[in-house]
Each structure stands twice: as C-alpha cells, then as structure tokens.
Amino acid sequence: MSATQKFSIASIPADGVGKEVVAAGRRVLDALAENSNGKFAFDWTEFPWGSEYYAKTGLMMDPNGLEALKDFDAIYFGAVGWENVPDHISLWGLRLNITQNFDQWANIRPVKFLPGVESPLRKADNTELDWIVVRENSEGEYAGLGGRNLSGRGPGNEVALQTALFTEKGCERIMRFAFDLARTRTVKKVSSVTKSNAQQYGMVLWDETFKRVALDYPDVQTESVLVDAMSAKFILKPEDLSVVVASNLNADILSDLGSALAGSLGLAASANLNPERRFPSMFEPVHGSAPDIAGKGVSNPIGAIASAALMLDHFGLHEEARLVEAAIEQATGSGHLTRDVGGEATTNDVTEAIVTALTRNLAAV
C-alpha cells in the first residue's frame, strides 16, 4: 500500500463571509480526503490575519507572515475588507502583499454556468457557455507605482499619480500561459483584451507581444479585442469565447462581469498561481467579505468550494477536482441554492448537499 500523500495548506479566512466559505471548502476537502482510502490528506494551519487582526495590531498580517507562508503547499483564502480599515490598506496589506511577493503572476477565473442557477443572460438558456479569464496578476494597473504629492499647496491642489507597468516579460509569460491553457480545451482560442487605441505605450507593447507569441501557437485561434468591445461581447456573443487573456485591471472587471452573467459573484472561483512553484499558490473565491450578510449563515460557499477544486488540480488530483465540480452541479441542479441565486438554502445546506453528492460520486468510482 502506497504512503498517504499529505498536502500542507495555510488557511486565511480573513474577514466577513470569508470565514464561513473557507470553513465550507475545508469541509468538502476533508470529506474528499476521508474517502480517499488513504491516498491523500490535508494538513491545515489557520492564520488569524485580516481586519480584526488590524484592529489589534495596526497590521493586516504578521510582519513575518510571508516567511511563515512560504513553505506551505498552497494557501486557501477567504475574503478581505471591513469598515474599520480603508479598502486600499486591507487589500495591499494582506491579499496583494501575498500575491505580489510570491509572484503569483497567473490568475485564472473560470466562468461557469451551473444547472439550476438562472442567468440574466438569455443566451445561456439554450447555448453551451464556458470560458476562462486569464488575468495578468503581477503588474499592469495594479503595480502599485505612483504617489501623492503637493498637499502643502492646500485643499484642491494635491496631485496623485498611479502608474501602470507593462513589461515584455510580464506580458509574454501570461500570454504563453493562456495559449498553453487553450491547447487543453475543446475550443482552442485565445482572445486578447487591449485598449491600445488610447493607451499607446503599455497596451501597444501588450498587442505586439501577443502577435509575437501567437506565432508559436499556429494551432490556436486568436483575436485582439478592445476592452469596451469585449464587455459587449461577453453579453452578445459569449459563445465565441474560450480563453480570454487580459491585464490586471481589465481582467478583474471582465471576470466579475462573467460571474454576474453566470448568476452571482458567489459562484466565482479563482486561483493565483506561481506556475514555477517557487512559492505557494493561493486559491480564493472572487466575492468580497459581504458585511451585510456576514455571520448570518446565508453566504454562497460555491465560489470557495470551486476554488478548492482548482487547488486540487494544482496538486495533480485532477480526477478528484472533477468529482468536486460534478458534486457542485448536482447540488445546484437539485435546487440547493442560496438566496443570491434565488434560493433559500443556508451556507451549511449547500455545503452538505455538495458533500453528500461527492460521497455518492466517490462510492460510484
């Protein structure tokens, strides 16, 4: 009998509903491990960082937090943000502190249309839709370069500079990642999102790099679309999409649009990857901390559970990842829906429905 493969995971629930959905994802992963016949196990370590930690210490995470995280196999993240901390401090103090310092440069956000979940997109009723947004996650508009100056001139005279950074290396590596991903899909196509008509330096470099990289992938269809036109395409011709690659800001916005079209941000999963595996990658739902429903037990756990499936893929447990995704579809298809997608189920109801379906699927394997 082979030895159990153990994966060490740092859990950072952080704020609001993040605590609830991370607990749900852990419940699903632990059920999967318990039914693996000793094939694998998860070793969890939870960190108390977030806005409550900030209220006590003035910091979003421990000063030695990155050192504490670097040897884990993966990081499982909830959501960050609360009224006691300005959003730019909570984001840069925790989530972006991790993604940038661990060079998690590839962010993938699948757009999944689930059975039983009504989409505001009429085309979803009779068209097979499935695409992935690939986000450059290390530079672009979120590089954090700039500053505020001249406040001494008095009210109304301060100047703020926010500089977007585009490097040929950063553009090329995310584009090759997107092309390699497209080669694994039924429809082998990469759509590049740009705004080079107005941003004549950074986005022109993006376009030129895309054209050059595409030459190495003659088997993959390509197109380059302005971001405003791509927003319209998400709604009017989503069946034409397979892999969409975009800069940090553009992909952030477009992926939220895709999730809303699928029914709710609560359904959206993501993976922040360091593909070279020099550092751990981080898996998190796309939604925020949702203070209005935090603690009420009604948050949608599907985004976090689907993110756990992406983590399983990262571990090489591809069959298990597909089983989790199938269990999600069975749960929503049988009417286990939280209120953000038109149902009345609690977080726990949906989680247990997914665990039940998963256990049943494992028994049938």
Side-chain angles (χ1 to χ4, degrees), residues 77 91-92 95-96 98-100 102-112 129-144 162-182 185 189-199 202-207 209-210 213-214 220 222-235 237-238 240-262 265 267-275 281-288 303 306-307 310:
F77 193 85
L91 186 63
W92 279 96
R95 186 191 172 277
L96 287 178
I98 295 170
T99 59
Q100 289 210 345
F102 284 170
D103 198 23
Q104 295 169 351
W105 52 266
N107 178 221
I108 59 171
R109 296 186 172 188
V111 179
K112 293 281 189 179
L129 301 175
D130 175 24
W131 71 91
I132 299 177
V133 176
V134 174
R135 172 186 179 185
E136 200 295 310
N137 209 37
S138 67
E139 52 181 50
E141 305 86 352
Y142 293 178
Q162 191 77 43
T163 302
L165 172 70
F166 289 87
T167 68
E168 193 166 0
K169 174 181 178 179
C171 295
E172 179 168 347
R173 67 182 182 177
I174 196 63
M175 290 167 182
R176 290 193 181 278
F177 183 95
F179 274 101
D180 289 338
L181 178 60
R185 293 174 58 80
K189 180 180 179 181
V190 176
S191 303
S192 171
V193 179
T194 184
K195 193 59 180 170
S196 52
N197 58 342
Q199 295 177 307
M203 292 262 73
V204 169
L205 175 62
W206 175 278
D207 289 352
T209 305
F210 183 73
V213 171
V220 179
T222 64
E223 64 176 351
S224 182
V225 183
L226 293 174
V227 64
D228 34 359
M230 182 59 80
S231 299
K233 189 167 188 173
F234 265 44
I235 298 168
K237 293 196 69 178
D240 198 35
L241 302 171
S242 180
V243 174
V244 177
V245 64
S247 68
N248 219 327
L249 176 62
N250 290 338
D252 191 9
I253 295 170
L254 287 171
S255 61
D256 278 9
L257 173 59
S259 301
L261 294 174
L265 284 182
L267 304 171
S270 77
N272 303 287
L273 302 174
N274 174 246
S281 295
M282 183 164 69
F283 303 83
E284 60 172 334
V286 170
H287 61 71
S307 298
L310 295 176

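Positions are given from 1 along the sequence.
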**Study point:** ring pair (Phe, Tyr, Trp, His ring centres under 6.0 Å) involving Phe283 - partner list, sequence neighbours excluded
**Key:** His314

Revision key, fill the gap. Sequence neighbours excluded, the answer for salt bridge (charged side-chain N to carboxylate O under 4.0 Å, His left out) partners of Glu168 is Arg212

Review point. By salt bridge (charged side-chain N to carboxylate O under 4.0 Å, His left out), which residues pair with Arg95, not counting sequence neighbours?
Key: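 Arg95 satisfies salt bridge (charged side-chain N to carboxylate O under 4.0 Å, His left out) with Glu284 once adjacent residues are dropped.
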
Side chains of [X] and [Y]: closer than 4.5 Å at any heavy-atom pair?
X: Val245; Y: Phe177; value: no
X: Ile108; Y: Val133; value: no
X: Val227; Y: Ser247; value: no

Point to revise | Lys169 and Glu139 ion-paired at < 4.0 Å | key: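 No, Lys169 and Glu139 are not salt-bridged.
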
Practice item. Answer yes when Asp228 and Lys233 have at least one side-chain N-carboxylate O distance shorter than 4.0 Å, and no when they do not. Key: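 A salt bridge is absent here (no side-chain N lies under 4.0 Å from a carboxylate O).
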
Backbone N or O of [Y] within a donor-acceptor pair of the [X] side chain at under 3.5 Å?
X: Asp207; Y: Thr194; answer: no
X: Ser196; Y: Gln199; answer: no
X: Arg135; Y: Asn248; answer: yes
X: Glu136; Y: Ile174; answer: no
X: Ser281; Y: Asn274; answer: yes

Exercise for review: Determine, stepwise, if the pair Tyr142 / Asn137 fulfils side chain to side chain donor-acceptor pair (under 3.5 Å).
Suggested key: CA-CA 8 Å; Tyr142 293 178; Asn137 209 37; over 6 Å; no

Could you tell me if [Y] and [X] have a donor-acceptor pair between their side chains, going purely by distance under 3.5 Å?
X: Gln100; Y: Ser138; result: no
X: Ser242; Y: Arg185; result: yes
X: Glu223; Y: Ser191; result: yes

Review point. Considering the options Val244, Val193, Val243, which one meets the side-chain contact (heavy atoms from CB on, under 4.5 Å) requirement together with Val134?
Key: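 Answer after filtering Val244, Val193, Val243: Val243.
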
Review point. Can Ser192 and Trp206 be said to form a side chain to side chain donor-acceptor pair (under 3.5 Å), step by step?
Key: CA-CA 9 Å; Ser192 171; Trp206 175 278; 2.8 Å; yes

